[in-house]
Amino acid sequence: MCGITGYIGYRKAYPIIIQGLQRLEYRGYDSAGIVLYDGKDINLSKTKGKVSDLQAKIKNDISVKGNIGFGHTRWATHGVPNHINSHPHLSQSKNLVIVHNGIIENYDTLKKELVSRGYHFHSDTDTEVLINLIEEIKTQEKCKLGKAVQLALNQVIGAYAILVFDKKKPDELIVAKLGSPIAMGIGKNNKEFFIASDATPFIEYTKDAIYLEDGEMAIVKLDREIRIYKINDDQLVKDPKIEQLELSLEQIEKGGFDHFMLKEIYEQPNAIIDTYRGRLLPDESIIKMSGIDDNIERFLNAKRIIIVACGTSWHAGLVAEYLFEDIARIPVEVEYGSEFRYRNPIITENDIVIAISQSGETADTLAAVKLAKSQGAFVYGVCNVVGSSIAREVHAGTYTHAGPEIGVASTKAFTTQITVLALLALKLGKKKGHISAPNFQVYLQELIQIPKKIKLLLEKDEHIKKIAAIYKEVPNFLYLGRGYNFPVALEGALKLKEISYIHAEGYPAAEMKHGPIALIDDNMPVVVIATRQGHYEKVVSNIQEIKSRHGKIIGIVSEGDSVVKGIADHIIEVPETLEAFTPLLTTIPLQLLSYHIAVMRDCNVDQPRNLAKAVTVE
Ligand code: F6R
């Protein structure tokens with residue numbers, strides 16, 4: 001799970017590659033490297049650390065001349081993050097160079113074979129094995145680079161997106177993909193080409209892009225064309241689809257905010273409007289979702305919905321469990337992609353599997369999708385990134401249209417996923433006759449109010465910041481919620497731990513007395529979601545239990561609440577809404593609380609340690 005980007009054309013490659021790597025740092029940032037071809041030599045520089053560390057190193061390291069090159073920002077899989085294991089990697093002859101995103105599972109066997117043929121390895125990476133395998137095949141078969149890459153990839157088990165360059169053939173780059181994404185931007189009149197793990201590195205240069213499919217390899221020729229072949233049988237892919245990118249530059253910049261995470265928290269009102277625009281039509285009292293409309297019989301006959309996802313998307317799946325069972329009366333199971341794929345699940349043709357993924361690239365979720373498909377289930381995707389691997393793999397789906405999410409901690413992805421899932425549950429609930437027409441209208445009218453209510457909540461930012469200042473040094477936090485807000489408690493805890501490195505746990509409020517209550521003392525802040533809708537009195541009793549053990553209560557309560565106000569140390573009021581939509585509001589203060597605590601602890605909010613935005617390895 002790394003970011004790769006390359007350029008071949010008439011401009012200076014260095015600034016394009018560095019800027020591209022900065023945009024891809026969300027994919028990994030423990031080391032970075034670049035290779036440039038200056039017309040004579042390969043100039044390579046790499047380092048442990050971020051792209052900014054690479055820039056600093058390059059100054060005294062290499063010439064940055066040249067119109068061809070590529071770079072890599074890494075999230076380590078094989079070998080610790082250090083200078084040697086960073087990409088790019090050279091072949092033994094130093095003529096070939098590669099960057100790679102993915103994992104070569106049979107690298108050890110291949111390495112032993114290469115060692116027996118006299119190859120020496122400098123790094124612990126699977127990637128150095130691959131470039132030497134390509135070199136060995138090229139030497140033995142006396143073939144062109146493209147052919148050697150193809151033959152080598154046919155020996156490889158695993159996942160990859162690679163970019164390869166041969167100093168002896170300096171007018172072309174070879175690109176190949178299996179399992180890890182890669183996009184290629186086409187400059188005007190084919191005078192230049194851009195290659196990257198996603199399209200963000202080249203959006204200001206071109207809107208025309210080709211996404212390689214799994215099992216494809218492209219030969220990108222300077223001044224000429226991109227030719228795509230199937231890796232397994234050499235077949236030319238005729239008329240590859242050129243997609244028009246809809247991304248804009250502003251969408252991927254910080255727009256005056258200190259961090260992407262904060263920008264994305266503040267984008268939620270508009271992101272939710274973008275999610276329901278054209279779908280939620282209150283005047284006609286309908287919800288239009290072509291992915292459902294085109295497959296309505298499958299949905300109406302579904303005996304069960306299985307939701308597969310990871311991390312925050314899994315939390316959105318838990319909210320959906322409440323939505324589907326409550327509103328559409330369809331039984332739901334929510335599974336981690338990583339568990340589902342390995343536990344021989346029972347899947348039938350009457351099951352609908354819904355895969356939720358912001359990036360659309362999460363390896364475990366993707367594998368769960370493939371497994372469900374192979375066993376006959378109808379698979380529906382809820383993704384944000386258009387054209388992503390999961391979006392392409394599913395039978396049908398709905399995009400969240402949240403816009404690019406760059407902060408590693410998911411925020412607007414979560415609320416827009418819940419919005420799509422709520423629309424889906426409401427649509428099915430209505431079709432199945434579980435919601436009356438007037439009640440359906442009430443839901444639609446209320447969903448339309450949510451963005452305004454989030455805006456009101458965002459005005460409480462300063463108040464939340466003050467609470468953050470009080471608790472920024474504590475070692476532990478607890479988050480409690482019930483019903484629809486139990487998944488919000490899990491999400492609040494995840495947000496805090498991933499960006500501030502404070503240990504935090506989420507629990508269903510009533511589970512406290514079965515163990516975690518032993519943790520309560522006067523140094524334990526407990527965030528309790530206690531909105532008026534949904535088990536209010538019971539949660540108030542749970543709050544009393546914590547208070548009597550001297551825990552510090554931060555209550556997330558409905559506007560005008562006086563009961564919790566009387567007990568809690570702090571309260572954050574959220575506007576009233578229907579119980580089913582409370583997660584869309586209660587989540588917001590928890591995102592802000594984590595954000596401010598992390599900033600006050602001087603943590604790197606947008607790029608927390610050990611994490612990456614898209615987890616494309618299992
Ligand atoms: C947490 C977070 C992760 C992701 C998880 C799934 O803030 O971002 O837990 O939610 O890695 O990613 P997607 O949704 O891209 O499949």
Side-chain angles (χ1 to χ4, degrees), residues 1 101-103 105 157-161 177-182 197-198 211-216 289-292 294-295 298-299 302-321 324 330-400 402 410 413-414 416-418 420-421 424 613-618:
M1 172 174 65
N101 168 28
I103 292 184
E105 288 171 12
I157 300 169
Y160 50 79
K177 166 188 166 24
L178 185 73
S180 304
I182 196 101
S197 298
D198 71 30
Y211 288 87
L212 267 195
E213 298 288 345
D214 275 346
E216 288 181 351
M289 292 168 100
S290 56
I292 308 286
D294 296 347
N295 301 286
R298 291 215 68 146
F299 277 93
K303 296 269 176 292
R304 178 175 68 149
I305 291 177
I306 303 170
I307 294 176
V308 290
C310 302
T312 291
S313 298
W314 185 76
H315 296 155
L318 290 180
V319 175
E321 179 177 15
F324 286 125
I330 306 173
V332 176
E333 284 169 33
V334 189
E335 301 260 6
Y336 287 114
S338 52
E339 289 299 314
F340 182 79
R341 61 183 291 196
Y342 286 119
R343 69 164 181 75
N344 197 11
I346 299 166
I347 307 167
T348 72
E349 288 181 1
N350 291 325
D351 289 328
I352 304 250
V353 172
I354 299 182
I356 308 173
S357 175
Q358 186 286 129
S359 61
E361 301 296 344
T362 301
D364 286 320
T365 309
L366 181 59
V369 165
K370 290 183 178 165
L371 174 70
K373 262 177 90 181
S374 72
Q375 300 202 6
F378 181 76
V379 186
Y380 200 82
V382 177
C383 296
N384 187 35
V385 177
V386 176
S388 53
S389 303
I390 294 172
R392 285 160 188 266
E393 189 68 39
V394 293
H395 293 112
T398 304
Y399 283 117
T400 50
S410 220
F414 180 64
T416 53
Q417 285 164 348
I418 294 175
V420 164
L421 295 159
L424 228 156
K613 184 75 185 156
V615 186
T616 56
V617 292
E618 58 168 299

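Here, residue 1 is the first one in the sequence, and each next residue gets the next number.
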Between Asp294 and Gly291, is there a donor-acceptor pair closer than 3.5 Å when you use the side chain of the first and the backbone of the second?
no
Could you walk me through whether Ile330 and Arg304 pass side-chain contact (heavy atoms from CB on, under 4.5 Å), step by step?
CA-CA 6 Å; Ile330 306 173; Arg304 178 175 68 149; 5.7 Å; no
Is it true that Ser313 and Gln358 share a donor-acceptor pair across their side chains at a distance under 3.5 Å?
no
Over all atoms of both residues, closest heavy-atom pair of Ala161 and Pro181:
CB-O, 3.7 Å
When rounded to the nearest 0.5 angstrom, what is the spacing between OG in Ser357 and CD1 in Ile390?
4.0 Å
Quick one, Glu321 with Val319, criterion side-chain contact (heavy atoms from CB on, under 4.5 Å). Give me CA distance, side-chain angles, the key distance, then yes/no.
CA-CA 5 Å; Glu321 179 177 15; Val319 175; over 6 Å; no
Roughly how far, to the nearest 0.5 Å, is CG of Leu212 from CD1 of Ile182?
7.0 Å
State, yes or no, whether a side-chain contact exists between Thr416 and Tyr399 at a heavy-atom distance under 4.5 Å.
no
Residues Ser388 and Ser359: closest non-hydrogen pair is CB-O, 3.2 Å
Ser180 side-chain N/O to Asn101 backbone N/O, donor-acceptor pair under 3.5 Å:
yes
Between the side chains of Glu361 and Ser389, does any donor sit under 3.5 Å from an acceptor?
yes
Passes side-chain contact (heavy atoms from CB on, under 4.5 Å), Phe340 versus Ile306? Steps please.
CA-CA 10 Å; Phe340 182 79; Ile306 303 170; 3.9 Å; yes
Going by heavy atoms in the side chains, are Val394 and Tyr380 under 4.5 Å from each other?
no
Expected output: side-chain Gln375 to main-chain Ala372 donor-acceptor under 3.5 Å:
no
Quick one, Lys177 with Asp214, criterion side-chain contact (heavy atoms from CB on, under 4.5 Å). Give me CA distance, side-chain angles, the key distance, then yes/no.
CA-CA 5 Å; Lys177 166 188 166 24; Asp214 275 346; 2.7 Å; yes
Could you check whether the rings of Tyr336 and Trp314 sit parallel, tilted or perpendicular, using 30° and 60° as the cut-offs?
parallel
If you measure from CD1 on Ile352 to CD1 on Ile347, what distance do you get to the nearest 0.5 Å?
13.0 Å
Working for salt bridge (charged side-chain N to carboxylate O under 4.0 Å, His left out), residues Glu393 and Lys373
CA-CA 9 Å; Glu393 189 68 39; Lys373 262 177 90 181; 3.1 Å; yes
In terms of heavy-atom contacts, Tyr211 and Arg392 come closest through CB-NH2, 3.1 Å
Where is the tightest heavy-atom contact between Arg341 and Ala363, given as atom of each residue plus distance?
NH1-O, 4.1 Å
Straight-line distance of Glu335 CD to Cys310 SG, nearest 0.5 Å
11.5 Å
Anything under 30° is parallel, anything over 60° is perpendicular, the rest tilted; go ahead and classify Phe299 against Phe378.
perpendicular
Would you call Ile305 and Ile354 a side-chain contact if the rule is heavy atoms closer than 4.5 Å?
yes
At what distance, to the nearest 0.5 angstrom, does CD1 of Ile307 lie from CD of Glu333?
10.5 Å
Looking at Glu349, is its backbone amide N or carbonyl O close enough to the side chain of Lys303 to form a donor-acceptor pair, meaning the two atoms are under 3.5 Å apart?
no
Look at the side chain of Asn384 and the backbone N and O of Ala402, then say whether any donor-acceptor pair between them is shorter than 3.5 Å.
yes
Quick one, Pro345 and Leu371 - any side-chain contact, counting heavy atoms below 4.5 Å?
yes
